[in-house]
Amino acid sequence: MNSFSERFGYSGPVVDLSEADMPDNLRWGLWNACKIVYFEEIGDFVDFDKNFKAVCNNIWFSFLREPLDGIPSDPERALRELRNHFEFLEFYRVYDFIEMIPATFPSGMGTSKDKEQKARDFYKLCNHVLTRERAAFRFAEGQLVQVSDEVSLEAVRDTLSESSPAAVRRHISTAARYYSKSPVDYRNSIKESISAVESAIFCITGEKHGRLREPLRTISEKYGIHPSLTLGIEKIFAYTSDKEGVRHAMMDVKEISQNEARFMLVSCSALSNYLLGLDANE
């Protein structure tokens, strides 16, 4: 439901942000997620303070690339200094920061299971902020992806989960990076998305193929996929390859749009999940 101020015209309607937008509400919402999950206990526990010093060393050395002897010795002062840096980061550096934070905390802050839970809590809270502020990115398995609707994000997230074969995860992860990076590379994103489906097919058949048609039809016959669905899948991929299976058709297109790359990223994620699910349920 819209807020009071939106319903009665005191503020404009919320609109989707572009990838480069970083309004204060979004910036400080992401900072608050960092503070709630990772920084809230600073000053309360000696062990936490020791770990926070190691975290600061990592941030100052690898992220800020500033002198380590400039880090305040008091944890709360160090956190204020870090907050001051965060306030003036470029939009893409804010996203770099929140991707980096879960990996910066060293051993000693609980068990590995505790750290995994903290990371899950962090990604969930960040996604809440990103959704609330209508940002262009969401976390999927620890990686920011420029897919913001929940159905599409779930397809990508499922493919990136540990239950998927490593080759499929790797191709979808790379496709998402090409799609989301600056400058974008939609052509290579599509190529990696298709490679994920090829990898899924290889995992099922155990054989490498130059084209999708023959092994896809073999799988369709084996698992009873409706011929119309099989034909539809073939047509989706037809524009990326010539009759010999070489991807000249896509390479000859001068411009590839964001919509095409998003469609292929989400569709290939969903198709990979679908095919692997058929094999797993045999």
Side-chain angles (χ1 to χ4, degrees), residues 1-7 10-42 48 52 55-56 58-59 63-64 76 78-105 109-110 114-161 173 176-177 179-182 184 258 262 265-266 269:
M1 183 178 72
N2 291 342
S3 68
F4 171 88
S5 58
E6 291 167 351
R7 294 197 309 275
Y10 294 107
S11 66
V14 178
V15 296
D16 291 338
L17 302 177
S18 74
E19 64 269 18
D21 287 333
M22 185 55 63
D24 286 346
N25 287 351
L26 176 57
R27 182 184 298 271
W28 294 123
L30 295 174
W31 172 260
N32 288 339
C34 295
K35 190 171 188 305
I36 289 169
V37 178
Y38 287 108
F39 302 148
E40 194 64 40
E41 297 170 336
I42 290 173
F48 188 93
F52 183 64
V55 170
C56 287
N58 289 337
I59 294 173
F63 183 79
L64 297 176
E76 292 185 353
L79 182 61
R80 285 196 296 272
E81 183 70 19
L82 184 57
R83 181 187 184 280
N84 290 338
H85 279 288
F86 188 87
E87 182 174 3
F88 297 103
L89 291 176
E90 296 284 352
F91 80 92
Y92 53 88
R93 295 288 282 161
V94 171
Y95 289 126
D96 284 342
F97 185 85
I98 63 172
E99 270 195 337
M100 170 204 68
I101 280 296
T104 61
F105 279 74
M109 296 188 67
D114 292 334
K115 287 186 288 186
E116 290 170 4
Q117 184 60 55
K118 267 188 178 292
R120 286 193 293 270
D121 292 344
F122 180 66
Y123 299 139
K124 182 178 180 180
L125 188 52
C126 283
N127 276 347
H128 170 75
V129 173
L130 293 165
T131 301
R132 182 189 70 192
E133 303 302 335
R134 309 291 288 272
F137 300 91
R138 300 290 187 276
F139 270 113
E141 294 298 316
Q143 176 178 316
L144 282 166
V145 177
Q146 195 177 345
V147 179
S148 54
D149 69 275
E150 287 304 312
V151 174
S152 300
L153 183 64
E154 191 63 30
V156 177
R157 184 185 291 124
D158 286 347
T159 315
L160 290 173
S161 70
S173 177
R177 283 201 300 273
Y179 177 80
S180 303
K181 74 173 192 173
S182 182
V184 293
Q258 181 188 51
R262 182 193 295 115
L265 173 60
V266 174
S269 295

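Being a predicted model, the structure only gives us computed values, none of them experimental.
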TODO: Could you tell me whether D121 and K124 have a side-chain N and a carboxylate O separated by less than 4.0 Å?
DONE: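 No.
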Open item on the list: Quick test of your reading of the model: are E90 and R93 salt-bridged, counting only N-O distances below 4.0 Å?
Closed with: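 No salt bridge links E90 with R93.
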- [ ] Could you tell me which non-hydrogen atom of I101 sits nearest to which non-hydrogen atom of C34, and how far apart they are?
- [x]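 Between these two residues, the closest heavy atoms are CG1-SG, 4.4 Å.
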Task: Heavy-atom closest contact (R138 atom, L130 atom, distance) - done: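 Reported closest heavy-atom pair: NH1-O, 3.5 Å.
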Check whether any side-chain heavy atom of [X] sits under 4.5 Å from a side-chain heavy atom of [Y], and report yes or no.
X   : Y    : result
L64 : H85  : yes
F86 : V94  : yes
Y38 : F52  : no
L30 : C126 : yes
I98 : F122 : yes
C56 : I59  : no

Task: side chain to side chain contact (heavy atoms under 4.5 Å, CB included) assessment of N25 paired with V129 - done: CA-CA 9 Å; N25 287 351; V129 173; over 6 Å; no
- [ ] Quick one: list whatever passes ring pair (Phe, Tyr, Trp, His ring centres under 6.0 Å) with F139, sequence neighbours left out.
- [x]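 Applying ring pair (Phe, Tyr, Trp, His ring centres under 6.0 Å) to F139 gives Y123.
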Open item on the list: Please check this pair: side chain of E19 against backbone of Q146, looking for a donor-acceptor N/O pair closer than 3.5 Å.
Closed with: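 It does not hold such a pair.
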Open item on the list: Main chain of V37, side chain of K118: is a donor-acceptor contact present, judged purely on distance under 3.5 Å?
Closed with: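 The answer is yes, because a donor-acceptor pair under 3.5 Å joins these two groups.
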Open item on the list: Enumerate the salt bridge (charged side-chain N to carboxylate O under 4.0 Å, His left out) contacts for residues 22-36, please, sequence neighbours excluded, ordered by first and then second residue.
Closed with: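 For residues 22-36: K35-E40.
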TODO: Report yes or no: do Q143 and S173 form a side-chain donor-acceptor pair below 3.5 Å?
DONE: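 Note: Q143 and S173 side chains meet the donor-acceptor criterion.
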Open item on the list: Does the plane of the ring in F97 sit parallel, tilted or perpendicular to the ring in F63? Use 30° and 60° as the thresholds.
Closed with: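 Judged by the thresholds at 30° and 60°, the geometry between F97 and F63 is perpendicular.
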Open item on the list: Going by ring-ring contact (aromatic ring centres under 6.0 Å, His included), F137 matches just one of Y179, Y95, Y92. Which one?
Closed with: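 That would be Y95.
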